[in-house]
Amino acid sequence: MNAKRTQLIAGNWKMNNNMKETAAFIESLEEWFAEDATGGKVSQAVSQGKIEIVIAPTYTSIYSAVSSRRSDKIEIAAQNAYYEAAGAFTGEISLDMLEETGCKYVILGHSERRHIFNETNELLEKKLSAALKSRVLPIFCIGELLEERESGNMKQILGEQLKSAWKNLNANMVIAYEPVWAIGTGKTASNQDAEEACGFIRTEMENRFGAAATESLRILYGGSVKADNSADLLKQKNIDGLLIGGASLKADSFQMILKSAI
Ligand code: PGA
């Protein structure tokens, strides 16, 4: 973490939490913010620009999340978007539609989109380009498979995933390093491995765009983050926040992670 950058703590709910559960989660987070104990401190840290809190519900729960907010302390993200603005694309959602529902961010290139739904670097390049022209900011995910890490190809794979989007990348976006072997497996990357990969991403971005232009770029770590490893991950120099799956689904475990960030 670098004090100049606002830490971003994001919950990626994947295909979990229906409308009712979403409303209950947001309401309990808002109540917690209003409390004097640690909830109040987190809320203060958000007001001071030290932390930004983002929740990415399913498309069908976005409106429920947006309309359950009582403060301006929780930002909403979508988990995916299509690059065209409108037309015959059954099942897809445009960036303008996401903006209209109140999304500030959109997650693009999550490993489940890449590996279960076969999203390619070419498709993601188009999605990133569209997102950066829209008013919804991308959280662009990259990460290597276990066999790629074990064969010593981690940097090459991360470099390729970054370079496939090279002409679109810029410092307004957020990059999330999520090693595929750490997602939903309980096997968090060690602080050192996570820092090494995030440091590599920062250096690649600096080499491409210059240190000044990338000073505000935030790089997140994601993959089996929990309350008992979040504080140490956030201490790493090149980790500016966390993208959390399983441990973000319940308000109490998400709150514990938020507490660890202040
Ligand atoms: P996990 O998921 O925290 O459940 O490993 C992270 C993610 O997929 O973004």
Which donor-acceptor pairs under 3.5 Å do the side chains of residues 240-248 make with protein atoms, sequence neighbours left out?
unit_1 : atom_1 : unit_2 : atom_2 : d
D240   : OD1    : R5     : NE     : 3.0
D240   : OD2    : R5     : NE     : 3.3
D240   : OD2    : R202   : NH2    : 2.9
D240   : OD2    : I219   : N      : 2.8
S248   : OG     : I244   : O      : 3.0
S248   : OG     : G245   : O      : 2.7

List the steps, then state whether side-chain hydrogen bond (donor to acceptor under 3.5 Å, both in side chains) holds for E147 with W181. CA-CA 9 Å; E147 54 268 33; W181 48 270; over 6 Å; no
Minimum heavy-atom separation for Q161 and G143, please, with both atom names. OE1-N, 2.8 Å
Which heavy atom in E119 sits nearest to a heavy atom in L123, and how many Å separate them? CG-CD2, 3.8 Å
Using the rule that two of Ile, Leu, Val, Met, Phe, Trp, Tyr join whenever any of their side-chain heavy atoms come within less than 4.5 Å, decide whether Y177 and L145 are in one cluster. no
More than 12 non-hydrogen atoms from neighbouring residues, nucleotides or ligands closer than 6.0 Å to NZ on K50, yes or no? no
K127 versus V106: any side-chain heavy-atom pair under 4.5 Å? no
I'd like to know whether CZ of R208 has more than 12 heavy-atom contacts from other residues, nucleotides or ligands below 6.0 angstrom. yes
Does atom CD of Q48 have more than 12 heavy-atom neighbours from other groups under 6.0 Å away? yes
Please determine, by modelled atom types, if N191 and K235 share a side-chain donor-acceptor pair under 3.5 angstrom. no
Hey, quick one: are L8 and I183 part of the same hydrophobic cluster, counting side-chain heavy atoms closer than 4.5 Å, chains of contacts allowed? no
Say you draw a straight line from CG of L29 to CG of D252; how long is it, rounded to the nearest 0.5 Å? 11.0 Å
Without swapping roles, check the side chain of E99 against the backbone of R135 for a donor-acceptor pair under 3.5 Å. no
Passing candidate, side-chain contact (heavy atoms from CB on, under 4.5 Å) with R218, options T6, N2, I139: T6
Shared hydrophobic cluster for V180 and L233 (ILVMFWY, side-chain gaps under 4.5 Å): no
K226, NZ: over 12 other non-hydrogen atoms inside 6.0 angstrom: yes
Side-chain donor-acceptor pair under 3.5 Å between S260 and S230, yes or no? yes
Hey, is E204 close enough to K163 for a salt bridge, meaning N to O under 4.0 Å? yes
Under 6.0 Å from the NZ atom of K104, do we count more than 12 heavy atoms belonging to anything else shown? yes
I need the K14 NZ to T58 OG1 distance, nearest 0.5 Å. 14.0 Å
Residue pairs involving residues 37-83 (criterion ring pair (Phe, Tyr, Trp, His ring centres under 6.0 Å); sequence neighbours excluded): Y82-F89
For E160, side chain to side chain donor-acceptor pair (under 3.5 Å) partners two or more places apart: Q156
Please say yes or no: joined through hydrophobic side-chain contacts below 4.5 Å, possibly via intermediate residues, are L137 and L220 part of one cluster? yes
When every non-hydrogen atom of S28 is compared with those of Q255, the smallest separation belongs to O-NE2, 3.8 Å
Can N153 and S151 be said to form a side-chain hydrogen bond (donor to acceptor under 3.5 Å, both in side chains), step by step? CA-CA 6 Å; N153 290 330; S151 56; 3.3 Å; yes
Looking only at non-hydrogen atoms, find the nearest pair between F25 and L249 and report the distance. CD1-O, 3.6 Å
So NE2 of H110 and CD of E178: to nearest 0.5 Å the spacing works out to 4.5 Å
Can you see which heavy atom on N238 is nearest to which on C198, and at what distance? O-CB, 3.5 Å
Treating Ile, Leu, Val, Met, Phe, Trp and Tyr as nodes and any side-chain heavy-atom pair under 4.5 angstrom as an edge, say whether V46 and V66 lie in one connected cluster. yes
